[in-house]
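Read the structure below first, then the notes.
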2 protein chains.
Amino acid sequence: MAVTDEAIDKIKEMLLRGELKAGDRLPPEKELSDRLGLSRSSLREAVKALELIRVLDVRRGDGTYVTSLDAKLLNEAVAFVVELHQDKSILELFEVRRILEPATAFIAASKISSAELLELRATMDGIDEHTDVEELVAHDLEFHRIISRAAGNAYLESLLDALSGSTVRARIWRGLTQDRAVAHTLAEHKAIADALARGDAELVRALVTVHISGVESWLRQAL
Amino acid sequence: MAVTDEAIDKIKEMLLRGELKAGDRLPPEKELSDRLGLSRSSLREAVKALELIRVLDVRRGDGTYVTSLDAKLLNEAVAFVVELHQDKSILELFEVRRILEPATAFIAASKISSAELLELRATMDGIDEHTDVEELVAHDLEFHRIISRAAGNAYLESLLDALSGSTVRARIWRGLTQDRAVAHTLAEHKAIADALARGDAELVRALVTVHISGVESWLRQAL
DNA sequence: CCGGCCGCAAACATCCGATGAATCCCGCTA
DNA sequence: TAGCGGGATTCATCGGATGTTTGCGGCCGG
């Protein structure tokens with residue numbers, strides 16, 4: 001194709017060249033379309049595409065802005081794709097997670113603050129095997145998110161977040177719940193939190209590996 | 001916003017629900033826009049967005065098709081984002097790569113075929129410290145790609161590919177070349193290939209870790 | 001009967017202009 | 001000075017017109 005894709009490229013280049021920076025406002029649709037030499041409709045298609053992957057933020061009645069362009073972009077883009085790949089090749093996605101999660105936790109072990117440790121404990125309050133699935137998923141998501149955030153790498157955090165999309169996770173939990181494995185999983189969470197508190201990085205890595213692999217092997221058998 | 005984003009969601013749902021499968025052709029723009037209750041212009045914006053992340057494939061004069069929906073989607077989406085983040089937080093991205101690459105190579109060590117080993121050797125033919133940067137980058141990209149492919153996980157392959165976008169890599173090589181470190185890097189490649197040939201997974205993992213970390217520390221000092 | 005060429009029809013590409021809706025900002029008023 | 005319009009700006013959405021590309025089927029010659 002041509003015109004619209006050219007527009008996407010040109011906008012991308014403006015970003016790379018620093019001509020447009022995070023937070024900047026783009027010229028009005030009319031002006032920009034004139035400048036890039038295409039119609040407003042076509043430009044809008046380009047902008048819409050860049051908006052989907054969160055590069056641009058369009059505010060009706062106000063203008064179009066460049067987003068913060070931080071690591072969260074990865075989350076949006078990857079999450080969309082992951083969602084489409086559910087069921088299908090979930091196991092391959094899980095393999096990626098099994099690599100990233102222990103490594104991330106290992107890094108986090110030496111960096112986690114006491115405030116974050118408290119937060120981690122807090123997610124476990126009031127959660128037991130009788131909690132409903134909704135809440136279990138929320139807890140699990142938060143638990144892993146705190147750890148990945150403690151690792152101090154926004155891209156890792158984003159990727160892990162996307163890889164464990166809530167829908168994927170919801171299905172897994174639903175399955176685990178039926179198998180009465182909730183207590184076991186929660187105990188693993190507790191062990192991980194304890195090891196993190198002691199700063200025992202090696203143990204953390206091992207525990208997380210076991211934790212993730214456990215879910216993975218359950219999944220493998222369930223399919 | 002509303003109409004266009006609704007359209008994106010509806011199309012996504014059609015995919016999730018299996019109403020649309022990989023390779024299927026969408027109804028013509030006019031018909032689909034009627035069915036979804038919006039104008040053709042707005043629908044086109046939605047389609048364009050889905051095309052950017054390679055979910056849809058629009059063929060002019062023919063129709064719009066659903067792509068294979070395989071792991072390559074990740075590549076496209078992530079590569080776009082990574083490209084925007086050059087210079088900026090390259091080190092954080094490198095940290096992710098340092099996690100994934102050794103783990104991937106470790107897996108590859110037990111799976112790599114003799115054909116792939118030959119391919120790996122072939123990439124090294126005719127490459128020495130006098131080769132020009134273009135070719136060095138191509139070699140490096142191919143070398144790592146073969147290994148990640150051998151690991152047999154398409155998502156890993158895609159992610160690594162995106163993380164080591166050619167532009168990023170080109171800059172690094174340009175720097176390395178100036179520091180006369182090419183020979184050293186090539187020697188590391190050879191050592192990795194040898195270890196893979198012997199199926200020594202642990203050694204492969206260590207070598208790759210050293211290899212990646214070497215580039216990383218050079219990068220850290222160069223910034 | 002087979003293969004190639006031609007032209008029609010289908011489908012996307014691009015553009016334009018009009019109307020609606022949300023937001024912002026400035027000036028007016030109490 | 002604080003609050004309230006109201007106009008100007010900007011995006012949202014629509015419908016239609018015209019151009020290009022592609023696919024396909026039919027026609028013609030070998």
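Naming convention: chains lettered A, B, ... in sequence-line order (proteins, then strands); numbering from 1 in each chain.
Qualifying side-chain contact (heavy atoms from CB on, under 4.5 Å) partners for Ser33(A), counting only residues two or more places apart in sequence or in other chains: Leu38(A), Arg40(A), Leu43(A). Residues passing the side-chain contact (heavy atoms from CB on, under 4.5 Å) test with Thr4(B) are Lys48(A), Ser42(B), Glu45(B), Ala46(B), sequence neighbours excluded.
Nearest approach of Lys21(B) to Val66(B), heavy atoms of both residues: O-CB, 3.4 Å.
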Which letters describe nucleotides 11-21 of chain C, given B = protein heavy atom under 4.0 Å from base, S = only from sugar-phosphate, - = neither?
BSBBBB-B--S
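The pair Lys30(A)-Asp34(A) meets the salt-bridge criterion, with a side-chain N (NZ, NE, NH1 or NH2) lying under 4.0 Å from an Asp/Glu carboxylate O.
For the pair Asp34(A) CG and dT10(D) P, the interatomic distance rounds to 13 Å; values are reported in whole Å. Atom CD1 of Ile8(B) is separated from atom P of dT13(D) by 11 Å (rounded to the nearest Å).
Using a 30° and 60° split on the angle between ring planes, His211(B) and His144(B) fall in the parallel class, below 30°.
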